[in-house]
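Taking it in order: structure first as structure tokens, then the write-up.
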Amino acid sequence: METVLIAKLHEYLTQNNPEILISHNHKEGATEYLKKKVESLDGLPRQLLEEGTPAYIVEEICMDELIKEFRPSRYNYMLSVLEDDFNSEYLQWQQSGILTDEILKLLGSCNPIFDALGFSEDNEDDRKTRYAIIRTIQLHLVGAAVDREYLTNILGSAEI
């Protein structure tokens with residue numbers, strides 16, 4: 001079961017949070033990170049299986065537990081904003097094979113905004129977040145520094 005969960009977590013992170021895998025490749029190694037995450041379930045899979053829970057349900061329960069800290073995906077949010085509001089860049093980067101790399105660069109600039117606004121499933125549809133992210137992408141595309149005054153006006157008292 002552990003091997004299956006590691007593979008499923010790897011697949012999930014590859015699609016939704018590649019920045020997590022990349023950051024752990026530079027630290028302890030992605031494989032070791034994934035193994036520790038699955039071990040953090042502290043015997044839950046074994047307990048559920050012993051109770052007679054079908055394996056596919058055990059996988060679903062365990063995956064829900066493993067990925068809850070990674071939702072919502074900042075990476076997928078950025079992907080959506082790019083596709084909706086910067087479609088020509090999105091298509092160009094996609095065709096060039098650099099879309100993931102460019103989103104990861106953008107996340108470096110946008111993570112302080114996500115952090116300041118407490119980005120979560122409860123507020124992922126907030127217009128203020130979207131406007132701040134769009135503005136940051138615009139500045140990134142022209143090679144300008146993040147306009148802290150503009151972002152402070154949008155974000156209000158949140159620290160960036």
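Relative orientation of the F114 and F119 rings is tilted, given thresholds of 30° and 60° on the angle between their planes. Aromatic ring pairs are classed by plane angle as parallel below 30°, tilted from 30° to 60° and perpendicular above 60°; the pair Y12 and F70 is tilted.
A55 and M1 make their closest contact through O-CE, 4.0 Å (heavy atoms, listed as atom of the first residue, atom of the second, distance). Annotation for L107 and Y75: closest pair CD1-CA, 4.1 Å, computed over non-hydrogen atoms. Closest heavy-atom contact between L104 and P18: CD2-CG, 4.4 Å.
Rounding to the nearest 0.5 Å places CG of L66 at 11.5 Å from NZ of K8. A distance of 12.0 Å separates CD of E124 from CZ of R74, quoted to the nearest 0.5 Å. I103 CD1 to L82 CG: the interatomic distance, rounded to the nearest 0.5 Å, is 5.5 Å. The structure places SG of C110 at 10.5 Å from CD1 of I134, a figure rounded to the nearest 0.5 Å.
Hydrophobic clustering keeps V4 apart from I6 (ILVMFWY residues linked when any side-chain heavy atoms are closer than 4.5 Å, directly or through intermediates). Connection of I22 to I67 is not established within any shared hydrophobic cluster, with ILVMFWY side chains joined at heavy-atom distances below 4.5 Å, either directly or through further cluster members. Cluster membership for L49 and I61, using ILVMFWY side-chain heavy atoms within less than 4.5 angstrom, is shared.
Judged by distance alone, with hydrogens and angles left aside, the side-chain atoms of D126 form a donor-acceptor pair with the main-chain N or O of T129 at under 3.5 Å. Within the 3.5 Å criterion, the main-chain N or O of W93 finds no donor-acceptor partner in the side chain of S96. Between the side chain of S120 and the backbone N or O of D122 there is at least one donor-acceptor pair closer than 3.5 Å. Between the side chain of N16 and the main chain of N76, no donor-acceptor pair closer than 3.5 Å is present. In this structure a side-chain-to-backbone donor-acceptor pair under 3.5 Å is present from T136 to A132.
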Derivation of the salt bridge (charged side-chain N to carboxylate O under 4.0 Å, His left out) call for E19 and K105: CA-CA 10 Å; E19 72 278 10; K105 287 179 197 173; over 6 Å; no
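Under the 4.5 Å side-chain criterion, counting only non-hydrogen atoms from C-beta, L44 is not in contact with V58. Residues L99 and L79 meet the side-chain proximity criterion, which asks for heavy atoms closer than 4.5 Å. Residues H140 and E102 are in side-chain contact: their nearest non-hydrogen atoms beyond the backbone lie under 4.5 Å apart. A 4.5 Å side-chain heavy-atom check between E69 and K37 finds at least one atom pair inside the cut-off. Between L5 and P45 there is a side-chain heavy-atom pair separated by less than 4.5 Å.
Salt-bridge annotation for E2 and R46: absent, with no side-chain N of the basic residue lying under 4.0 Å from a carboxylate O of the acidic one. Looking at K35 and E32, no side-chain N of the basic residue comes within less than 4.0 Å of a carboxylate O on the acidic one, giving no salt bridge. A salt bridge links D85 to R130: one of the charged nitrogens lies within less than 4.0 Å of a carboxylate oxygen.
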